[in-house]
Amino acid sequence: MNNETEIDIVSANALPDEGAIEINLRPQALADYIGQDMVKGNLSIAIKAAAMRQEPIEHVLLSGPPGLGKTTLANIIAKELNSSIHITSGPAIERAGDLASIITNLGPGDVLFIDEIHRLNKTVEEILYSAMEDFALDLVLGKGPGARTVRVDLPKFTLIGATTKPGAISAPLRDRFGLTFRLNYYLEPEIEKIIHRSSKILEVKIEPGGVKEIAKRSRRTPRVANRLLKRIRDFAQVKGSGVVNEDVSRRALDNLAVDTLGLDESDRRILTAIIEKFHGGPVGLQTLAAACMEDEDTIADIHEPYLMQIGFLKRTPQGRVITQDALEHLGLAAKQSTLNI
Ligand code: ADE
């Protein structure tokens, strides 16, 4: 990253210390959750039906790019079910014993949220199968020839898994989720509503022009919108009258090197590398990452999903390819004749 002062301003991944501020802004009920209407509608039916039958809802898998509200939704589901939520993540559950201790502490109807569930290791994942399907845990006691398994019954619970990489989830695990939902990038008017709501909570004075300007540059991602709002509030306080209007928003975002489509230095570096160093592509992820000194996962999980969403990048079996729209946005259309596209 060569933009040292503003690292990751539009990264959809949560930044260190961001969790606490995000929590204030997170809606607590499905009715306050803006956007993702299809997911909300289907979840609401599942929750009501389960309540009528006095049963826990089926296990839920939430997938989609980072920052779109998977954790928020998991918390809301637990609240709507009047259940306690236990939160962990795939990489945090290292050994079978870690999972056993979490799962045997669940109460009837509790929600277990596993973030980044695609990163569970195989041994842990296999133990999860019987826990999800039969509400039982098969534990191996001892080692070697004397080892024996015992089956421990568990209360009926609901597992909510979240993943940015649904393709990396094995079929046996995927099949054990009764409800699977994919979160999509938000529509701009939905992001505007979220900015409006957050401004009220944070007591930020904001004008409609400010809301619009921030929404345009938020990568259709609530986490990014809320982060930009806070930075622009600071800018308005120091450089303006404290009111977030269109002009202040524009100047602040320009200062943060976030362009009119929400692209940052890293996005531009990735796109420019494909154009300048690889004739517009195709180029493999590893080669591209090395050429622009970025981490492969950061490119694949954070930058590419949005660049593909806005039609600036295509993934082909041969590698990543730039598009005409990207060239025009970067002001490099004249280069087209020298490229493979
Ligand atoms: N804050 C973050 N995501 C949100 C959403 N989907 N609705 C309302 N507020 C939010």
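Numbering of ligands and ligand atoms starts at 1, following listing order.
Of the heavy atoms in Leu25, only backbone atoms (N, CA, C, O) come closer than 4.0 Å to ligand 1. Residue-level proximity to ligand 1 for Arg197 is carried by the side chain, the only part with a heavy atom below 4.0 angstrom.
Contact between Leu68 and ligand 1 is absent, with no heavy atom of the residue lying under 4.0 Å from the ligand.
In this structure, atom 4 (C) of ligand 1 lies nearest to the protein heavy atom Ile194 CD1, 3.8 Å. The protein heavy-atom contact nearest to atom 7 (N) of ligand 1 is Ile34 N, 2.8 Å.
Taking a cutoff of 4.0 Å between a charged side-chain nitrogen and a carboxylate oxygen, Arg269 and Glu265 do not qualify as a salt bridge. With salt bridges taken as basic N to acidic carboxylate O contacts below 4.0 Å, none links Asp234 and Lys230.
Listed by atom number, the atoms of ligand 1 under 4.0 Å from Tyr33 heavy atoms are 6 (N), 7 (N). Close approach to Tyr186 involves these atoms of ligand 1, each under 4.0 Å from a residue heavy atom: 6 (N).
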Given salt bridge (charged side-chain N to carboxylate O under 4.0 Å, His left out), test Arg250 with Asp247 step by step and report yes or no.
CA-CA 5 Å; Arg250 204 169 273 166; Asp247 176 58; over 6 Å; no
Evaluate the criterion salt bridge (charged side-chain N to carboxylate O under 4.0 Å, His left out) for residue pair Asp259 and Arg217; output intermediate values, then yes/no.
CA-CA 7 Å; Asp259 78 15; Arg217 308 204 204 186; over 6 Å; no
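Using the six-membered ring where Trp is involved, Phe177 and His59 have ring planes that are perpendicular, over 60° apart on the 30 and 60° scheme.
Across the listed options Pro222, Ser198, Pro27, Gly69, Pro27 owns the non-hydrogen atom lying nearest to atom 10 (C) of ligand 1.
Relative to the ring axis of Tyr306, Arg220 does not place its NZ or CZ within 45° and under 6.0 Å from the centre.
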